[in-house]
Amino acid sequence: MAYKLLFVCLGNICRSPSAENIMNYLIQERGLEDKIMCDSAGTSSDHIGASPDRRMQAAAGRRGIKLIGQARQFDLSDFETFDLILAMDRSNYRDILQLDPDNLYKDKVRLMCDFATQHRDREVPDPYYGGEAGFDHVINLLLDACDGLLEEILK
Ligand code: 4NP
């Protein structure tokens, strides 16, 4: 059975779809498609069904990565389905854990930046209300963290 990863942010149109598509890119590069499976979700319902944000698509495109997918909201069943749930920032982390009052799945939930080795950021910052540089930073940070995460899973 494949190891299942779920990337979670607020809207599921900027950070978590980027993480999902970057991770899939690294997985394909290594021929690990049968071993690791990725998905993403948002804690909010605001953008359900939407494609990744155009500014995020452009930033990913500058690094040769195409963003595909439609936003969906995090669902309680995701706690069971996925082996590891990666929160982009602390607010996402808290929002996820609030859905698990008995802490049954706490060990499955981690901050994405825990896996970055080249950046000191502790959170993937929300780029939504900022400029182009913020979107480029998200991609650079996620390339680093996804790389570290993949190494950790393969250990
Ligand atoms: P994301 O970015 O959580 O990385 O998808 C955001 C998308 C939308 C909003 C905020 C952040 N919003 O306020 O609509």
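Computed over heavy atoms, backbone and side chain alike; hydrogens, waters and symmetry mates excluded. Order of listing sets the numbers, starting from 1, for every ligand and every atom in it.
For residues 65-81, the set of pairs meeting the salt bridge (Lys or Arg N to Asp or Glu O under 4.0 Å) definition, not counting sequence neighbours, comprises Asp39-Arg72, Arg72-Asp78. Sequence neighbours left out, the pairs with a member in residues 93-114 that pass ring-ring contact (aromatic ring centres under 6.0 Å, His included) are Phe79-Tyr105.
Listed as neighbours of ligand 1 are Cys9, Leu10, Gly11, Asn12, Ile13, Cys14, Arg15, His47, Asp126, Tyr128, Tyr129, each bearing a heavy atom under 4.0 Å from the ligand.
When each of Arg62, Arg63, Arg55 is tested with Asp136 by the rule salt bridge (charged side-chain N to carboxylate O under 4.0 Å, His left out), just one qualifies, namely Arg62.
Using modelled atom types, one finds a donor on one side chain and an acceptor on the other under 3.5 Å when comparing Asp89 with Asn92. In this model, a donor atom of one side chain and an acceptor atom of the other lie less than 3.5 Å apart for Asp121 and His137.
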Going by atom type alone, with no hydrogens or angles, which donor-acceptor pairs under 3.5 Å involve a side-chain atom of residues 145-155 and a protein atom two or more places apart or on another chain?
| residue | atom | partner | partner atom | Å |
| --- | --- | --- | --- | --- |
| Glu151 | OE2 | Arg30 | NH1 | 3.4 |
| Glu151 | OE2 | Arg30 | NH2 | 2.6 |

